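Here's the structure, in structure tokens; my notes come after.
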Amino acid sequence: MKLIIGNKNYSSWSLRAWIAARAGGFTFEEIRIPLFIPGSRERILSHSPSGKVPCLIDHGLAVWDSLAIGEYLAEKAPQLLPADVAARATARAVTAEMHSGFQNLRSRMTMNIRKDYTGHGHTPEVDADIARVVAIWNDCRKRFGGTGPHLFGSFTLADAAFAPVCFRFKTYGVKPDGAAGEYLATMLANPWMKEWEAAALAETESIPAEDLYG
Ligand SMILES: N[C@@H](CCC(=O)N[C@@H](CS)C(=O)NCC(=O)O)C(=O)O
């Protein structure tokens with residue numbers, strides 16, 4: 001198995017697929033292609049038909065888009081989705097909501113692990129996105145989190161979907177109270193998150209358009 005990813009500092013979609021693969025216990029070769037430099041588009045297209053990362057290659061089969069990659073991995077590692085049907089449906093719903101929504105949060109609080117942008121990025125629309133994330137985390141922890149520290153107890157695709165939001169909250173100094181705050185602390189201490197963070201901190205490439213606040 002090979003996983004094509006972008007810069008670990010910036011590529012939030014790559015993190016989702018990568019951490020799902022780690023949580024599923026897969027052994028995979030990681031091919032990191034720094035984004036937005038000469039040749040990167042051609043390099044990505046040599047693996048990924050969409051021209052985007054992440055893309056998973058399994059025995060010659062290309063699976064692109066983080067949502068599809070997560071679902072593919074969960075077919076092989078069913079623990080990536082909750083066993084209970086209601087929990088599984090909710091995990092898919094919050095994962096899909098993350099995938100298709102939160103545009104304000106995504107555009108004004110981009111993932112940028114190396115930076116400390118505490119206090120930056122807030123608008124009423126961003127704060128509404130943050131409030132919705134916090135509501136999802138509190139609701140999932142309350143209704144489904146009983147057997148462990150993650151949204152649905154053990155680590156699932158829903159946690160992978162929100163992993164970049166956890167790094168964003170750290171970068172921008174967003175500190176939820178209560179269960180959501182405890183969940184954030186759990187995620188930021190997670191060994192796979194730590195592994196990704198250390199690699200992001202060691203990267204030297206910058207994407208100026210993504211360094212929003214200096
Ligand atoms: N919906 C896609 C989004 C993929 C995406 O936008 N990837 C960005 C990097 S995070 C990319 O490949 N950008 C390079 C480009 O557009 O040339 C997913 O979930 O995988």
Side-chain angles (χ1 to χ4, degrees), residues 1-24 26 28-58 61-76 80-81 91-115 117 121 129 133 136 151 156-172 192-193 195-197 199-201 203-212:
M1 221 179 236
K2 292 181 195 168
L3 185 65
I4 323 302
I5 60 171
N7 311 53
K8 289 188 171 173
N9 187 56
Y10 298 107
S11 184
S12 55
W13 300 110
S14 297
L15 168 57
R16 292 180 171 102
W18 182 92
I19 203 162
R22 275 279 189 275
F26 296 94
F28 59 96
E29 180 191 349
E30 181 184 303
I31 300 178
R32 194 186 72 95
I33 302 179
L35 301 174
F36 305 118
I37 58 172
S40 49
R41 180 156 180 79
E42 293 72 22
R43 283 189 69 197
I44 294 171
L45 275 169
S46 73
H47 302 282
S48 173
S50 67
K52 304 268 188 204
V53 291
C55 182
L56 181 77
I57 313 287
D58 189 20
L61 173 71
V63 185
W64 61 94
D65 197 291
S66 58
L67 198 59
I69 294 168
E71 286 288 338
Y72 181 77
L73 294 175
E75 289 195 49
K76 292 170 175 279
L80 285 172
L81 283 168
R92 284 192 164 116
V94 298
T95 300
E97 183 177 347
M98 184 69 245
H99 198 73
S100 61
F102 300 100
Q103 268 80 13
N104 294 297
L105 177 67
R106 287 222 291 261
S107 62
R108 289 183 180 264
M109 291 189 175
T110 58
M111 193 176 87
N112 199 328
I113 293 169
R114 292 199 299 257
K115 298 285 187 184
Y117 285 154
D129 279 356
V133 167
I136 289 171
L151 294 178
T156 67
L157 295 183
D159 302 292
F162 285 99
V165 177
C166 296
F167 281 136
R168 287 179 164 110
F169 279 12
K170 183 175 182 190
T171 295
Y172 294 85
W192 305 311
M193 292 283 279
E195 182 186 346
W196 181 277
E197 182 181 37
L201 294 176
E203 286 179 346
T204 54
E205 311 94 4
S206 288
I207 304 177
E210 295 283 315
D211 291 341
L212 297 182

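All values reported here derive from a predicted model rather than from experimental measurement. Just follow the structure's listing: the first ligand is 1, and inside any ligand the first atom is 1.
Looking at Arg32, its side chain never comes within 3.5 Å of a backbone N or O of Ile5 through a donor-acceptor pair. In terms of modelled atom types and a separation under 3.5 Å, the side chain of Glu203 and the main chain of Lys8 share a donor-acceptor contact.
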Report, one line per pair, each donor and acceptor closer than 3.5 Å where one atom sits in a side chain of residues 37-45; sequence neighbours left out.
residue, atom, partner, partner atom, Å
Ser40, OG, Phe36, N, 3.1
Ser40, OG, Ile37, N, 3.1
Ser40, OG, Ile37, O, 2.7

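Other residues, nucleotides and ligands contribute more than 12 heavy atoms inside 6.0 Å of the CZ atom of Arg114.
At a threshold of 4.5 Å between non-hydrogen side-chain atoms, the residues Asp129 and Met109 do not count as touching. Asn112 has its side chain within reach of Asn9: a pair of non-hydrogen atoms, C-beta onward, lies under 4.5 Å apart.
Within 4.0 Å of ligand 1, protein heavy atoms come from Ser11, Trp13, Leu35, Phe36, Lys52, Val53, Pro54, Asp65, Ser66, His99.
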